[in-house]
> 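I am attaching a structure below and will ask some questions about it afterwards.
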Number of protein chains: 2
Amino acid sequence: MQKSTKCSAPGIVDAVTDQPGLRERKKQRTRTAISEAAIALFLEHGFAEVSVAQIAEAAEVSKRTLFAYFTTKEDLVVHRMADHETEPARVVRERPPHTTPPDALRAHFLDGLRRRDPITGLCDHPAIRALTGLIFGNPTLIDRMQRFKVGSEQALAEALCDTTEVPGLVARVAAAQLIAVQWTLSSDNFACVGSGQSADARYPDAVRDAERAFGLVENGLAAAFTPPPA
Amino acid sequence: MQKSTKCSAPGIVDAVTDQPGLRERKKQRTRTAISEAAIALFLEHGFAEVSVAQIAEAAEVSKRTLFAYFTTKEDLVVHRMADHETEPARVVRERPPHTTPPDALRAHFLDGLRRRDPITGLCDHPAIRALTGLIFGNPTLIDRMQRFKVGSEQALAEALCDTTEVPGLVARVAAAQLIAVQWTLSSDNFACVGSGQSADARYPDAVRDAERAFGLVENGLAAAFTPPPA
DNA sequence: TAGGAATGTATACCAGGTGCAGAAATCTAC
DNA sequence: GTAGATTTCTGCACCTGGTATACATTCCTA
């Protein structure tokens, strides 16, 4: 993966700037060019109304090249969320000692709310709002998001297996529970912000909901569904 | 929606047999014909290797008609699971008095294991095994299944809202938890049966896993992730 | 500055899915 | 029965997402 194997000088100023070479830079540039052209067109005309041929033309790239960078049309939109796929697993792996995985994930989610992290749904920047509106307005895009959710679950389950003593079944179930609760909270925040509420206005309720929801997962549903009194 | 508005005789033996009319019967027949032709071809050659044109030909129907009955190629396979989409919601709505939703769902799942209900993954009939193998071998089909999962969650959340006093957030989180645990258990059973284990051989472990997993949801993850002893 | 590797392009192609106009079948009314 | 309204089916052309092939371009290396 490294570009210079020995003492060679791949680019003129490589050793100085430590840049990844012209080829890599160009690749990165075309990739972002394609993505930005796509999202701009999608936001203006809608996901279904824009064809990949138009995107390729706007990005000044052939259709074949576009599909060399993004495997599907949906990925043009959703790839930005892909970075977050292994985030829960990473949080669990890097949690401070004497901290349980649920505690670490709750703390991380609350921190995300504080930072208005888009992944928590609590971000009202127009561009982000438009993008999430785009995603949640298209079933095919929602399907893609679900795939990331599944990937998050699997990665988290592995992290739980690697860093705790719980059996595999418990790890899988716990991973599903923890990802599900985050997803539910994010969806709620998306819905609020999407319907016009500002992130700051939503914040207190978002924190309260997050604490209640994580509490539900940690302490169980039994407490919530108390059997009817006699 | 009713076919005979007054005292007319739309079909020859309608009033006697109360059949839904020739047109409806034919529709139902062609629908099943298409579905069975599709699944037979998929099982023989694989999902990607069979085109909808071939299916239409096998079912002696035009391609256009095929898409009048099934909106996508994937639906040809997964529509059979669609009936189960609202099953958890129904179980909760029809639960006996003095029973909590989690208890009702656990009992229903355990009963499904006992009955070797395919939805629990604990069914080793060759046809069912082949079908599930087909679904879990195709990412696009998995995506479709995820959509059913989302539908189940929403329906269950509504059922919880309608039949209990819990707030909306709790209902949504609980629904996500309960569907997630069922999905995890079913996936595990699918994996075991798919790798050759018989349903009878898997049954005891499946029951034990189900009880443990539902217990985890009802009593919370905190008990599973006990902080490291001092 | 030449050669090799990676990348990009043009073209043709396949398959899923839709729109449309007309044929065929079913239902309803006489 | 039969005429006509209605629904369903069909064949066809068409669009779009995605891929294969074969060739041109660009960048890296030496």
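Reminder, nothing fancy here: chain letters follow the sequence lines and each chain counts from 1.
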> Show the nearest heavy-atom pair for residues A:A33 and A:A59, with the distance to one decimal.
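Minimum heavy-atom separation between A:A33 and A:A59: O-CB, 4.2 Å.
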
> If you only use heavy atoms from C-beta on, which nucleotide in D:dC9, C:dG17, D:dT8 is closest to the side chain of B:T72?
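Taking heavy atoms from C-beta onward, the closest nucleotide is C:dG17.
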
> Round to a whole Å and report the spacing from CZ of A:R29 to P of C:dT7.
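It is 15 Å, rounded to the nearest whole Å.
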
> If you only use heavy atoms from C-beta on, which nucleotide in C:dT26, C:dG8, D:dG18 is closest to the side chain of A:E74?
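Nearest listed nucleotide: D:dG18.
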
> Measure across B:L76 and B:S35 and return the closest heavy-atom pair with its distance rounded to 0.1 Å.
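Closest approach of B:L76 to B:S35, heavy atoms only: O-OG, 4.1 Å.
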
> Would you check if the side chain of A:Q154 reaches a backbone N or O of A:G151 as a donor-acceptor pair within less than 3.5 Å?
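No: the side chain of A:Q154 does not pair with the backbone of A:G151.
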
> Is it true that A:S62 and A:T65 share a donor-acceptor pair across their side chains at a distance under 3.5 Å?
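A:T65 vs A:S62: donor-acceptor pair found between side chains.
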
> Which whole-number value in Å describes the distance from B:E57 CD to C:dA15 P?
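Distance check: B:E57 CD to C:dA15 P gives 13 Å.
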
> Find the distance B:K26:NZ to C:dA24:P and express it as a whole number of Å.
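Spelled out: NZ on B:K26 to P on C:dA24 is 14 Å.
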
> Taking OP1 and OP2 of D:dC9, is either one under 4.0 Å from a side-chain nitrogen or oxygen of B:Y69?
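Checking D:dC9 against B:Y69, a side-chain N or O does come within under 4.0 Å of OP1 or OP2.
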
> Just wondering, more than 12 heavy atoms not from B:H84 lying within 6.0 Å of its NE2?
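Counting neighbours around NE2 of B:H84, more than 12 heavy atoms of other residues, nucleotides or ligands fall under 6.0 Å, so yes.
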
> For DNA chain C, which residues in residues 32-51 of chain B have a heavy atom at a distance below 4.0 Å?
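Close to the strand are B:V50, B:S51.
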
> Quickly work out the B:I55 CD1 to C:dG17 P distance and round it to whole Å.
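The distance from CD1 of B:I55 to P of C:dG17 comes to 10 Å, rounded to the nearest Å.
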
> Could you list the donor-acceptor pairs under 3.5 angstrom formed by side chains in residues 131-141 of chain A, with sequence neighbours left out?
| from | atom 1 | to | atom 2 | distance (Å) |
| --- | --- | --- | --- | --- |
| A:T132 | OG1 | A:I128 | O | 3.2 |
| A:T132 | OG1 | A:R129 | O | 2.9 |

> Figure out the CG/P separation between B:L141 and C:dG16, and round it to whole Å.
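So the CG-P distance, B:L141 to C:dG16, works out to 12 Å.
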
> Is there side-chain contact between B:I179 and B:L156, with at least one heavy-atom pair below 4.5 Å?
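Sidechains of B:L156 and B:I179: in contact.
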
> Check whether any side-chain nitrogen or oxygen of B:K27 sits under 4.0 Å from OP1 or OP2 of D:dT8, and answer yes or no.
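It does, given that an N or O in the side chain of B:K27 lies less than 4.0 Å from OP1 or OP2 of D:dT8.
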
> Distance check needed: C:dG16 P versus B:L76 CG, whole Å only.
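Atom-to-atom, B:L76 to C:dG16, this comes out as 10 Å.
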
> Heavy atoms within less than 4.0 Å of DNA chain C: which residues of residues 61-68 of chain A have one? Give them sorted by number.
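Within this stretch, A:V61, A:S62, A:R64, A:T65 sit under 4.0 Å of the strand.
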
> Take the protein atom CD of A:E24 and the nucleotide atom P of C:dT7, then report the distance between them rounded to whole Å.
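After rounding, the gap between these two atoms is 7 Å.
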
> Which one of B:R147, B:E153, B:M145 satisfies the side-chain contact (heavy atoms from CB on, under 4.5 Å) criterion with B:K149?
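Exactly one pass, corresponding to B:E153.
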
> In this structure, how many angstroms lie between the P atom of D:dT19 and the CZ atom of A:F70, rounded?
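Spelled out: CZ on A:F70 to P on D:dT19 is 15 Å.
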
> Within a strict 4.5 Å, meaning less than it, do heavy atoms of the A:Q28 and A:T32 side chains meet?
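They are in contact (side-chain heavy atoms under 4.5 Å apart), so the answer is yes.
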
